[in-house]
Amino acid sequence: MDIHEYQAKEVLSGFGVTVPDGALAYSPEQAAYRARELGGDKWVVKAQVHAGGRGKAGGVKVCASDTEIQEASEKMFGMKLVTHQTGPEGKGVYRVYVEAAVPIAREIYLGFVLDRTSQRVMIVASAEGGMEIEDISAEKPDSIVRATVEPAVGLREFQCRQIAFKLGIDASLVQQTVRTLQGCYRAFTELDATMVEINPLVITEDSRVVALDAKMTFDDNALFRHPQISELRDKSQEDPRESRAADRGLNYVGLDGNIGCIVNGAGLAMATMDTIKLAGGEPANFLDIGGGATPERVAKAFRLVMSDKNVQAVLVNIFAGINRCDWVAEGVVQALREVDVDVPVIVRLAGTNVEAGQKILAQSGLPIIRAATLSEAAERAVGAWKNDLSQGVKLRAIS
Ligand code: ADP
Ligand code: MG
């Protein structure tokens, strides 16, 4: 789960990281009012979206009066901000952050990520701040400083000092840099983050070390341990299909294809997507309905898959070990009676109670296409999508 810049700054400041003074606004009027409250004579209005690269896309604006702030935020609100990280559809701006403008002397890149090779938290830093890390590694790979943290002892001061020296940070600022690095590391580990990125971390003209931008991503599977973080979720920034799935406890990832997949087990779901591709099709989603799927759960899965308007065929692939094919078959039948499924449905069942399951499907009177193997199912799904099968078998809304 991602959070907004203003939220990440609040979280990190709780761990001793210095951030500029700022306040959140939900309207242009409120933004102007927030600036007056903050005081000072120069502010930065920042669109709050779950993506970087806002500066170049018009989502960060320096302002010198409250009228300017109001005008800048009027442009941002309701806008779909398209940056290189949002995809072409962009992300809606519903909140802006008004922040005191900071006099920047130097910009530094600082990131904390999970390095799977060393199985440790890795610090990635570069004196070339302000650029995206992808560009830094392409253009100035030698400027990147990396360090991994031994989990048993945590991030030690000497390591932070080494990083500070490699970044050419003045000795008088090393203590502040150490505090920033250790604060980020503690926030990362204590809150089960998978990424903390401060780009840029700046040295100000008055010699302070300040996080000017902040991005945090958290491990979804650990969110139950951090209710205060779960609360920061902003559904307006997520793929609506994925947030609906998360609300229903389903493991779903939306994709761009048109063959909807309903599968039990993550590995089988991956194999199903591969087989669809092999048969010349494109999966519309990854969906693992889990081991003990009840008919209600299968119906929920159908609703979710059908809510994607690109879906032109649905492939149900169940290997029942813990599950039972007859339950799943009942779920499929129930779903097709309740949910508006107007595309071909292909079902492949294997495992426990498979005969009973097939019987339920056959006796339902519904135009379900049955397949004996996964490859047959994938071929039939792709065929159905390519209209070979869609004439005689096209289902109409059953309510
Ligand atoms: P993004 O990474 O999405 O483009 P940033 O928060 O990094 O957004 O802002 C982009 C640039 O705007 C920064 O690199 C910095 O130069 C400038 N900036 C951002 N916030 C401030 C601030 N409070 N004071 C001065 N300059 C700022
Ligand atoms: Mg940035």
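Order of listing sets the numbers, starting from 1, for every ligand and every atom in it. This structure is a prediction, so every number in the text was calculated from the model and none was measured.
- When only modelled atom types and interatomic distance are considered, Q48 and Y94 share no side-chain donor-acceptor pair under 3.5 Å.
- At a heavy-atom cutoff of 4.0 Å, ligand 1 is contacted by the backbone of N199 but not by its side chain.
- Within ligand 1, counting atoms from 1 as listed, the ones closer than 4.0 Å to a heavy atom of D213 are 1 (P), 2 (O), 5 (P), 6 (O), 7 (O), 8 (O).
- The protein heavy-atom contact nearest to atom 23 (N) of ligand 1 is E99 OE1, 2.7 Å.
- Scanning all protein heavy atoms for the shortest distance to atom 6 (O) of ligand 1 gives K46 NZ, 2.7 Å.
- Listed for the Q7 side chain is no donor-acceptor partner under 3.5 Å among the backbone atoms of I3.
- Between K56 and ligand 1, a contact under 3.5 Å exists for no N or O pair.
- Atom numbering of ligand 1 starts at 1 in the shown order; those under 4.0 Å from a heavy atom of G52 are 3 (O).
- Minimum interatomic distance between S143 and I136 (heavy atoms only, all atoms of both residues): OG-CG2, 3.5 Å.
- By the neighbour-count criterion of 12 heavy atoms within 6.0 Å, atom CD of Q119 is sparsely surrounded, having that number or fewer from other residues, nucleotides or ligands.
- Listed by number with element, the atoms of ligand 1 under 4.0 angstrom from any heavy atom of V44 are 21 (C), 22 (C), 23 (N), 24 (N), 25 (C).
- V60 and L212 are not part of a single hydrophobic cluster, where members link through side-chain heavy atoms under 4.5 Å apart.
- Atom 17 (C) of ligand 1 has L212 CD2, 4.4 Å as its closest protein atom, hydrogens excluded (heavy atom only).
- A 4.5 Å side-chain heavy-atom check between I198 and L12 finds at least one atom pair inside the cut-off.
- Residue-ligand proximity: A100 is placed with a non-hydrogen atom under 4.0 Å from ligand 1.
- Distance from atom 14 (O) of ligand 1 to its nearest protein heavy atom, with residue and atom name: E107 OE2, 3.3 Å.
- Remark: ligand 1 atoms within the under-4.0 Å shell around heavy atoms of V60 are 8 (O), 9 (O), 12 (O).
- Close contacts of ligand 1 with V102, meaning ligand atoms under 4.0 Å from a residue heavy atom, involve 22 (C), 24 (N), 25 (C).
- Atom 4 (O) of ligand 1 has G55 N, 2.7 Å as its closest protein atom, hydrogens excluded (heavy atom only).
- Of the N or O atoms in E132, none lie within a sub-3.5 Å distance of an N or O in ligand 1.
- There is no side-chain donor-acceptor pair under 3.5 Å between N258 and N310.
- Both L167 and Y185 belong to a single network of hydrophobic side chains, linked directly or stepwise wherever heavy atoms of I, L, V, M, F, W or Y lie under 4.5 Å apart.
- Ligand-side atoms of ligand 1 in range of A101: 24 (N), range being under 4.0 angstrom from any heavy atom.
- Heavy atoms of R54 found under 4.0 angstrom from ligand 1 belong to the backbone as well as the side chain.
- As a member of the Ile/Leu/Val/Met/Phe/Trp/Tyr network built from side-chain separations under 4.5 Å, Y33 groups with nothing else and remains a singleton.
- For the residue pair D2 and T217, a side-chain donor N or O sits within less than 3.5 Å of a side-chain acceptor on the partner.
- Note on V316 and L287: same hydrophobic cluster, where clusters join Ile, Leu, Val, Met, Phe, Trp and Tyr whose side-chain heavy atoms are under 4.5 Å apart, directly or indirectly.
- The ligand atoms of ligand 1 that sit less than 4.0 angstrom from a heavy atom of G53 are 1 (P), 2 (O), 3 (O), 4 (O).
- Side-chain contact between I123 and V149: present, with at least one pair of heavy atoms (C-beta onward) separated by less than 4.5 Å.
- In summary, the side chains of D234 and H50 do not present any donor paired with an acceptor at a separation below 3.5 Å, with no hydrogens or angles considered.
- No hydrogens or angles considered: nothing links the side chains of R244 and Y252 as a donor-acceptor pair under 3.5 Å.
- When distances from atom 11 (C) of ligand 1 to the protein are checked, no heavy atom turns up under 4.0 Å.
- Neighbouring protein atoms of the Mg ion (ligand 2) (N, O or S, distance under 2.8 Å, waters ignored): N199 O, D213 OD2.
- Two residues are said to be in side-chain contact when any heavy atoms from C-beta on lie closer than 4.5 Å; V209 and I203 meet this criterion.
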